[in-house]
Amino acid sequence: MKGIAGKGVFLPEKEGINKSILGFLKTLLEKYVFDGIMVPMRVPAKNSYAWVLVREPSLIMKASPLAPVMPVQGAKALKSLTRKGKGTLNFAVLMRPCEIRASIELTKLNQIHPEKITLMSIDCPGALPLSDYIQNPEEGEKRFEALFTGESWSDETSKPVCQICDQFSWQPASDLHFGLMRGQKKGIFLISNSEKGQRVLNEMKLQASESVSEWKKSIEDLTKKRQKKREKRFEEVQTMAKGFEPLLETFAACIGCHNCQSACPICYCRQCYFNSTISRPDSDFIFQKAEVRGGISFPMDRIFFHVGRMTHMSLSCVSCGLCSDACPVSIPVAEVFSYVADQTQRTFEYRAGESGEDAIPITRYRMEEIQGVQNIVHQAEGAMSKDG
Amino acid sequence: MANQLTIKKSSEQGLIDFLTFLLETRKISAVFTLRETGKEGVFDYGLITDVQMLKQAIPLHPFMPVNAGQELSRFKAMKKQVAAVIRPCELRGFIELIKRVQGTPDHFLLISYTCGGALRFASSLHGKGDTNLPGYWKAVEKGENYKEIRPTCKACEYFVPMNADATVSLVGKNHEDECVLELHTEKAKEMAAGFKGEYSEEGTKSQIVDTLLEKRKAEKTRLFQEIGSVMKDLGGVVEVFSRCVGCHGCSRVCPMCHCILCDFESHLFDHEASVIEKEFSRKEGMRLPTDTILFQLGRMNHMSFSCVGCGMCTEVCPADIPVASIFMKTGSETAQLFDYIPGRDIDEPVPVTVYKEEELSKLG
């Protein structure tokens, strides 16, 4: 947790974590610290959640600071508000760490203009698989309540990518973080990361006077456990994704619906290349391909789509897992894409969403990379002259 | 020329033999049909040019990974002939697309079959398909709705194909006994010429087809009533669509939604902050992203009277919304106003593309 402040504001938990956080947000609205706050809220049918930009203070008490499920990635909702530029009103958003990271990546991609937005993050125990929750919302609520208020967050019921997430807490790029303290001293730490965060504390007349070291240690311990789990799981995922045959096997049931692309916060292209006229090829072209192997699948080019999508967004993948939630044929898209993203980001010593300053690797080059290219060219030239 | 061809093999094997004949004699260049991909319980639609690969074909299996009508519409005009084995709703979907200048039937030999319904994804994927097959075929033989078929299949009264070149009779028969192929068009009869089988005039229609039709009509009434009672007012509409996540998967798998760039994904719905803030100032709170229900109603507006009830939309919805039942109901009832049945007649124009003079007097 490099760069985290040593002290925060400690808010004791009265009537549960949810009510305490909502009470705080309500005060932010009443005091006009913000014109609106974007939070998850249960839908009328009571079997899912949606993002609501709340204006009326009393309405925010009906919200949930952390929803059991993530039907829509918070960064996508934020994008719909600020894609074309900042507005005139001051807004805050309360999102999961992966949603904050996705927002940072979208900012770099010019899809979010955050000047009038204060990003607030919150410790996240994970989210439940969407289809499980929708099948039985009551059971889902109970399960998430246990997860959220429980002592340990090493749970087997959250989404597979949540179970191996090592970035579930404080984010360097958020403005204000809600750290959740458990054990004997139950409560919430408010940790400011920036001028925007500090403004909130100042206007609420709060002082960051409590040491966060105990909470920080508990987070670091859990992070280490998760990292081990992550490494282990990625070894298993490798057999599903490394090489063309395994990839074909893993994606065999794919019907080309592109739900994964629609759900992904990073896939922002209004018209994806794979939805363009490439999806309507010439009949001669279709036949050429069919005759090579004696037969081809329809829809065509499904693996091409997945590998192409990976190529386009892997460097910004934040492992939020919405792709798997959206897949109608239960392909573990998120685990495969997270594994690949881990590899590609590591190659550039880059971690998606960590810093607003770090440009996305393929948008710039470093001088030493040129040397690497020159070496490859020399090697190739040498090999060619040997062949004569 | 004879109308009916009987092959003394199981329905599926007989059909594969027929397709093999067409491919070997070069009457067709390829077969478009369901096939097993070799991985356990995995199937997809394939365009097969090599006779050997026809061994993997499962033309009559109750699986629908995509609406084949959508795939056939993607074939631009060509000289080659393709025999396509598709469900009645996929065929109707293809006809509706042809009316919208999306595809042509000329290069296809369209083979369909009396249909007992398509299984839901959950009942056909990851090995579940095979476990459901015995029960499914029993239900088809008896003229019943198998429990694991799609809700809209259970309510479908158009399970006898319209506009096919040839139809395999499945409903009311034991599919293992024989393959009965009805040849409706000259094209089908010419293609069949030279194929060894029993030719005869058309046999009597199975009574079981009528039995199933009654069951389907009853279920349609029941399903539509159920949808109607939940969506009786705006509150009901909001409640049902409230968990929509705006993925537009329903639109992508729908054969009718052929627009390369949908209105709802265009700049029209990419709002300036000022527009959103203005709306926000009038309310206590505002859902983001906006226009979730507008997309549903807009899509309904654009395509629902051409809805063929294939059920693909419900299968892909990540939020388990019964999209197909809703669109089939509204579509069926609006189409009725125009005495229109999607896919019935290739020359029948889509209602909103024409007007009749007497409609003007109603406006007056």
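Predicted model only: the values in this text are computed from it and were never measured. Letters A, B, ... mirror the listed sequences (proteins, then strands); counts begin at 1. Note: hydrogens, waters and symmetry copies are ignored here, and every other heavy atom, side chains too, is used.
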Is the distance between the ring centroids of [X] and [Y] less than 6.0 Å?
| X | Y | value |
| --- | --- | --- |
| B/Phe75 | B/Phe108 | yes |
| B/Phe32 | A/Phe298 | yes |
| A/Phe91 | B/Phe280 | yes |

Problem - Trace of the side-chain contact (heavy atoms from CB on, under 4.5 Å) decision for B/Leu19 with B/Val85 - result: CA-CA 10 Å; B/Leu19 296 168; B/Val85 185; 4.0 Å; yes

Under 4.5 Å from a heavy atom of chain B, the part of [X] involved:
| X | result |
| --- | --- |
| A/Met41 | neither |
| A/Ala290 | both |
| A/Leu81 | both |
| A/Leu130 | side chain |
| A/Pro281 | backbone |

Below 4.5 Å from any heavy atom of chain A, which atoms of [X] appear? Answer side chain, backbone, both or neither.
| X | answer |
| --- | --- |
| B/Met53 | side chain |
| B/Val316 | both |
| B/Val82 | side chain |
| B/Ala319 | both |
| B/Ile260 | both |

Any donor-acceptor pairs between chain A and chain B, under 3.5 Å? If so, list them.
{"from": "B/Arg35", "atom 1": "NH2", "to": "A/Ser297", "atom 2": "OG", "distance (Å)": "2.9"}
{"from": "B/Asp44", "atom 1": "OD2", "to": "A/Ser297", "atom 2": "OG", "distance (Å)": "2.8"}
{"from": "B/Asp44", "atom 1": "OD2", "to": "A/Arg302", "atom 2": "NH2", "distance (Å)": "3.2"}
{"from": "B/Tyr45", "atom 1": "O", "to": "A/Phe298", "atom 2": "N", "distance (Å)": "2.7"}
{"from": "B/Leu47", "atom 1": "N", "to": "A/Ile296", "atom 2": "O", "distance (Å)": "2.8"}
{"from": "B/Leu47", "atom 1": "O", "to": "A/Ile296", "atom 2": "N", "distance (Å)": "3.0"}
{"from": "B/Thr49", "atom 1": "N", "to": "A/Gly294", "atom 2": "O", "distance (Å)": "2.9"}
{"from": "B/Thr49", "atom 1": "OG1", "to": "A/Ala290", "atom 2": "O", "distance (Å)": "3.3"}
{"from": "B/Thr49", "atom 1": "OG1", "to": "A/Gly294", "atom 2": "O", "distance (Å)": "3.4"}
{"from": "B/Asp50", "atom 1": "N", "to": "A/Gly294", "atom 2": "O", "distance (Å)": "3.1"}
{"from": "B/Lys76", "atom 1": "N", "to": "A/Ser283", "atom 2": "OG", "distance (Å)": "2.9"}
{"from": "B/Lys76", "atom 1": "O", "to": "A/Ser283", "atom 2": "OG", "distance (Å)": "2.5"}
{"from": "B/Lys76", "atom 1": "NZ", "to": "A/Arg280", "atom 2": "O", "distance (Å)": "3.0"}
{"from": "B/His126", "atom 1": "NE2", "to": "A/Val329", "atom 2": "O", "distance (Å)": "3.0"}
{"from": "B/Cys247", "atom 1": "O", "to": "A/Ser262", "atom 2": "OG", "distance (Å)": "3.0"}
{"from": "B/Arg252", "atom 1": "NH1", "to": "A/Ser262", "atom 2": "OG", "distance (Å)": "3.3"}
{"from": "B/His258", "atom 1": "O", "to": "A/Arg280", "atom 2": "NH1", "distance (Å)": "3.4"}
{"from": "B/His258", "atom 1": "O", "to": "A/Arg280", "atom 2": "NH2", "distance (Å)": "3.4"}
{"from": "B/Ile260", "atom 1": "O", "to": "A/Gln271", "atom 2": "NE2", "distance (Å)": "3.3"}
{"from": "B/Asp270", "atom 1": "O", "to": "A/Lys84", "atom 2": "NZ", "distance (Å)": "2.8"}
{"from": "B/Asp270", "atom 1": "OD1", "to": "A/Arg83", "atom 2": "NE", "distance (Å)": "3.2"}
{"from": "B/Asp270", "atom 1": "OD2", "to": "A/Arg83", "atom 2": "NE", "distance (Å)": "2.7"}
{"from": "B/Asp270", "atom 1": "OD2", "to": "A/Arg83", "atom 2": "NH2", "distance (Å)": "2.8"}
{"from": "B/Asp270", "atom 1": "OD2", "to": "A/Arg270", "atom 2": "NH2", "distance (Å)": "2.7"}
{"from": "B/Glu277", "atom 1": "OE1", "to": "A/Thr88", "atom 2": "N", "distance (Å)": "3.0"}
{"from": "B/Glu277", "atom 1": "OE1", "to": "A/Thr88", "atom 2": "OG1", "distance (Å)": "2.8"}
{"from": "B/Glu277", "atom 1": "OE2", "to": "A/Thr88", "atom 2": "N", "distance (Å)": "3.1"}
{"from": "B/Glu277", "atom 1": "OE2", "to": "A/Leu89", "atom 2": "N", "distance (Å)": "3.2"}
{"from": "B/Phe280", "atom 1": "O", "to": "A/Arg55", "atom 2": "NE", "distance (Å)": "3.4"}
{"from": "B/Ser281", "atom 1": "O", "to": "A/Arg55", "atom 2": "NH2", "distance (Å)": "3.3"}
{"from": "B/Lys283", "atom 1": "O", "to": "A/Arg55", "atom 2": "NE", "distance (Å)": "2.7"}
{"from": "B/Lys283", "atom 1": "O", "to": "A/Arg55", "atom 2": "NH2", "distance (Å)": "3.3"}
{"from": "B/Glu284", "atom 1": "O", "to": "A/Arg55", "atom 2": "N", "distance (Å)": "2.7"}
{"from": "B/Glu284", "atom 1": "O", "to": "A/Glu56", "atom 2": "N", "distance (Å)": "3.0"}
{"from": "B/Met286", "atom 1": "N", "to": "A/Leu53", "atom 2": "O", "distance (Å)": "2.8"}
{"from": "B/Met286", "atom 1": "O", "to": "A/Leu53", "atom 2": "N", "distance (Å)": "2.7"}
{"from": "B/Leu288", "atom 1": "N", "to": "A/Trp51", "atom 2": "O", "distance (Å)": "2.9"}
{"from": "B/Val316", "atom 1": "O", "to": "A/Asn259", "atom 2": "ND2", "distance (Å)": "3.0"}
{"from": "B/Asp320", "atom 1": "OD2", "to": "A/Gln135", "atom 2": "NE2", "distance (Å)": "3.3"}

Practice task
Look at B/Val253, B/Val275, B/Leu261 and state which one has the largest set of heavy-atom pairs under 4.5 Å with chain A.
Solution key: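 Option with the top pair count is B/Leu261.
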
Practice task
Output the option from B/Cys262, B/Cys247, B/Gly249 having the highest count of non-hydrogen pairs under 4.5 Å with chain A.
Solution key: B/Cys247

Practice task
Go through A/Cys254, A/Gly36, A/Ala45 and name the one with the most non-hydrogen pairs under 4.5 angstrom from chain B.
Solution key: A/Ala45

Problem - For A/Val39, side-chain contact (heavy atoms from CB on, under 4.5 Å) partners two or more places apart - result: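 A/Val39 satisfies side-chain contact (heavy atoms from CB on, under 4.5 Å) with A/Leu25, A/Ile37, A/Val54, A/Ile60, A/Ala63, A/Leu94 once adjacent residues are dropped.
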
Fill in the blank from the handout: Scanning both residues in full, the closest heavy-atom pair of B/Thr152 with B/Cys310 reads OG1-C, 4.1 Å

